[in-house]
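Below: one structure, written as structure tokens.
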Amino acid sequence: MTNEHRYSLFGYRFSFRTNVARAAELVAELYAGSEDTSAGSPENHYSLLRQREQDGASCWRIEVPGTPPSDKRSLGDALSAVEASITADLARHPHGLHVVHGGVIYGPRGDLLLSGNSGAGKTTLSLALAARGLCVGGDDMAVLDPASGSLRPHPRCFHIDEHSARLLAGLGLRLPEDLMDDQFVTPRRLGLTAPRPARLRFVFFLEPERLPAPRILSQSQAQAASQLLLQTGRGQFADGEGVRAIAALTAGARCFQLWSGELAATADAVLRLVEA
Amino acid sequence: MPVAATSRPKRLEAIEAQPLPDGSGLLFDPASATAYPISPSAMRIWELCDGEHTVASILDDLEAHYDVDRATLERDCLKLLEDLAENNLLAGPPLSE
């Protein structure tokens, strides 16, 4: 049976249609609290349908805006592709908000933004901090309202490979037993809290280079703002609004460059700073 | 091209300066949609680039404000002014005049 669910993320309204109960459940879990009950039509439609091939095997066909339908070999791959498409479309949506490439962690003395290029280690470090007792709002993307200065994490599924899963389990993070089955781990499945606006007190910019031991250097608020602007997905800021909004974001924060070392030592070094 | 001590650097009016609480600042150029982060001392120099202060008087101000020898201040200040000029953030005649 095919079901359709509607969501509204930061004003971006879309529907998700699927005949896979597990897919509907995981997407509902990911976007819990963002269900769209308004009467208007969604702006975009996404679908994930399980299909039988001639040899009896299953494939998962996804349809997302702007690209031809495609078939995936696993439910996790299909869900990840749909979720990535929703996130990309949200970032492009003209909602007047700024999309910041970075994860939001809720800390005991103020919240953290972990920014950095893809592959810099934001997810693994976020989850290592979760294993140390902090709460993760999101590991990859946050949405900044330039009018209010409010920064809210955008929930995304965690991409955790087997190596990271072993490291995190070693730190005591309780990972779902079926983690490697569908490879679509929502923050809720890790027992992490529902996103709330961040009270940013720390900005860490993760450098891609790994060192034998973690290294953390203070940087100026202007340097941090400049790096965040490069990680902010609204492209050019012809009116300076984005610059003002990002500058306001770093204005209340202590800012650092971080080179990761061994995972536990890196998480502990960050904790020492944010708990001091 | 060397910067003359008598030149009076003037910041371009279109540049939006964002001072930050730690003293650093962002200079945003709407024409190129580029933001330049600058240090607290560079921010002080930027504020003195009003078309009235000469380079020499900017150096006097820096010398009174920072516990750094004049030769170092001069080297850093001139380098910053050259960078600002190179990125078209200053108005007026060339700094060599």
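Residue numbering restarts at 1 for every chain, and letters A, B, ... go by the order of the sequence lines. What you are looking at is a predicted structure, and each value in this text was computed from that prediction instead of being measured. The basis for the numbers below is simple: all heavy atoms, side chains too, and nothing from hydrogens, waters or symmetry mates.
By the salt bridge (charged side-chain N to carboxylate O under 4.0 Å, His left out) test, A:Asp36 pairs with A:Arg13, sequence neighbours left out.
Applying the side chain to side chain donor-acceptor pair (under 3.5 Å) definition to pairs two or more places apart or across chains, those involving residues 266-276 of chain A are A:Arg132-A:Asp268.
Residue A:Ser226 holds its OG atom at 11.5 Å from CD1 of B:Ile38, rounded to the nearest 0.5 Å.
Using a 4.5 Å heavy-atom cutoff, the side chains of A:Val243 and B:Gln18 are in contact. In this structure the side chain of A:Gln223 never reaches within 4.5 angstrom of the side chain of B:Ser24, judged on heavy atoms.
Distance alone, capped at 3.5 Å, is enough to place a donor-acceptor pair between the B:Asp22 side chain and the A:Gln221 backbone.
Taking both residues in full, the closest heavy atoms of B:Pro37 and A:Ala222 are given as CB-O, 3.5 Å, listed atom of the first, atom of the second, then distance. Nearest heavy-atom pair across A:Leu229 and B:Ala35 is CD1-CB, 3.6 Å.
Around the CZ atom of A:Arg109, the shell of radius 6.0 Å holds no more than 12 heavy atoms that belong to other residues, nucleotides or ligands.
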